[in-house]
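Working notes, structure below.
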Protein chains: 2
Amino acid sequence: MVESGTSASPDMGHPGGDRPRLDRQRILEAGAVFIEEHGVRQLSMRRLGAELDVEAMSLYRYVPSREDLLDGIVESVVDELYSDPEVYVEPRYGWQDYLLRLAHGLRRLAVKHPQVFPLIATRPAEAPWVRPPLRSLRWVESFLRAMTQAGFSNEQAVEAYRAFSSFLIGNLLLEVAALGADIGPVEDPDPSPSRQADLTDYPLLQELQDLLSEDRSKQEFDAALDVLLDRLDGQLG
Amino acid sequence: MVESGTSASPDMGHPGGDRPRLDRQRILEAGAVFIEEHGVRQLSMRRLGAELDVEAMSLYRYVPSREDLLDGIVESVVDELYSDPEVYVEPRYGWQDYLLRLAHGLRRLAVKHPQVFPLIATRPAEAPWVRPPLRSLRWVESFLRAMTQAGFSNEQAVEAYRAFSSFLIGNLLLEVAALGADIGPVEDPDPSPSRQADLTDYPLLQELQDLLSEDRSKQEFDAALDVLLDRLDGQLG
DNA sequence: ACCTGAACACCGTTCAAGT
DNA sequence: ACCTGAACACCGTTCAAGT
């Protein structure tokens, strides 16, 4: 939050290798960018250091370990949700509007960070009942408050929270996986038709391949979200 | 499939360090066991070699790389589904019975291999439309055949395939994550109440903590599966 | 106060060499 | 035919040392 850049200090105008001093947030953001570009597997302390014009060892001033670095990156990416103007922490137009906005905000996050999202989905959370992708106590509290204030019982609110997170993980993880990069090596552009899956034994797959390859993520997501909201609405009865 | 043990060869009776000769399947199974015991992070070629009483380098005769090893482990675990007597590759009592059995078989797999399941969910598949956890062409073909034979249109069958896989990933990934181990370090039994999440700022979380900590996975799973089947049934008209 | 060099214990992987 | 030793290039992490 502290503006530190505009002071009258006599610094040169970044002629190429002038690094703006290390800090934790800068490291986490660089990490997120690196993962999006090269995949998690490629992220090493040494390479991330190089990216920041610094020796790997310097990172340890701000990040206790590589594992903690990954957790920090996940947290930092998920926190982008707070600056999404379309998503409200406090419901404004009812619980359905709240859930729709939250779901779409998380989908935007996933699509923006397809390589980081699998980490969001699979890294251990701070409590077992903190279910990704709502990885912060504050969002869970916000969710439960929205629902109970709307008239859901405590039990129903918790059940809705579980159904909502399962819905998001299932849909978004498979959507980003299909985005081609998947989680994974990222290597091997391999334009050879070498492993073009032999479908001779699978006539139906062969017939439906075009249909299967269509990208219907957005429609599926909205449809499944609709079904979920309807189901929850029915419980309000 | 070949019985090789009972021959009259003069081998001693495994006095402790007698290894039954290396082969790919044995390596994959040992890998799955190792991951379940220590987590993926801990799995190195050298340690897996040691587990098999062999130098790491020997593994490369059967497995091209560590990445391929992980893929092989995933495939080998998923293939256990074929020997689940409750799951039918060919539907016998209608599509709903088929889907129920398939879903429950995959859930048993996930619960049996909580540490491997996240890999099943996130490893890149052989084609973008092969959606985990149904990671094999044969199962996708089986699924689509079951649905089209039951009267679903091609489009509806593909849509059902997508909805079914999203449902499974979302529910099962979150269920195994809650199983405590999560994917993750596995280390640190850390019985200190050090990071017992400070809930003072989150009154609702505090109030609902018991409710949130209850394990309702089985019920949720069955309920969500029911909703899904109902929805599909509605499309049959 | 912040960064680095050198060092340690470990990796994945290759390959020539052993039996 | 199957396994290994030695070697290479890379890791994560620690710590005493530099500025």
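Letters A, B, ... are given to chains in the order of the sequence lines, protein chains preceding strands, and every chain is numbered from 1. Values in this document were obtained by computation on a predicted structure and should not be read as measured data.
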Applying salt bridge (charged side-chain N to carboxylate O under 4.0 Å, His left out), name anything that partners [X], two or more places apart in sequence or on another chain.
X	value
A:R135	none
B:R66	none
A:R46	none
B:R24	B:D68

Distance below 4.0 Å between A:S58 side-chain N/O and C:dC2 OP1 or OP2: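 No.
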Presence of B:Y62 side-chain N/O under 4.0 Å of D:dA1 phosphate oxygens OP1/OP2: no
B:S58: which residues meet the side-chain hydrogen bond (donor to acceptor under 3.5 Å, both in side chains) condition with it, sequence neighbours left out?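 For B:S58, no residue satisfies side-chain hydrogen bond (donor to acceptor under 3.5 Å, both in side chains) once neighbours in sequence are set aside.
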I need the full list of salt bridge (charged side-chain N to carboxylate O under 4.0 Å, His left out) pairs touching residues 103-113 of chain A, with sequence neighbours left out, sorted by first then second residue. A:E80-A:K112, A:D84-A:R108, A:R107-A:E175
Inspect the surroundings of CG in B:D210 and state if more than 12 heavy atoms from other residues, nucleotides or ligands are less than 6.0 Å away. no
In whole angstroms, how far is the [atom2] atom of [N] from the [atom1] atom of [X]?
X	N	atom1	atom2	result
A:D23	C:dC2	CG	P	11 Å
A:L52	C:dC2	CG	C1'	15 Å
B:L22	D:dT4	CG	C1'	13 Å
B:E55	D:dT4	CD	P	5 Å

Any chance you could list the contact pattern along nucleotides 7-19 of chain C? Use B for base contacts, S for sugar-phosphate-only contacts and - for none, protein heavy atoms under 4.0 Å, 5' to 3'. B---BBBB-----
Which string of ( ) [ ] | and . matches DNA chain C, if you list each base 5' to 3' and count Watson-Crick or G-U pairs only when both distances are under 3.5 Å? ||.|||||...|||||.||
Could you name each residue pair satisfying ring pair (Phe, Tyr, Trp, His ring centres under 6.0 Å) that touches residues 64-89 of chain B, not counting sequence neighbours? B:Y82-B:W139
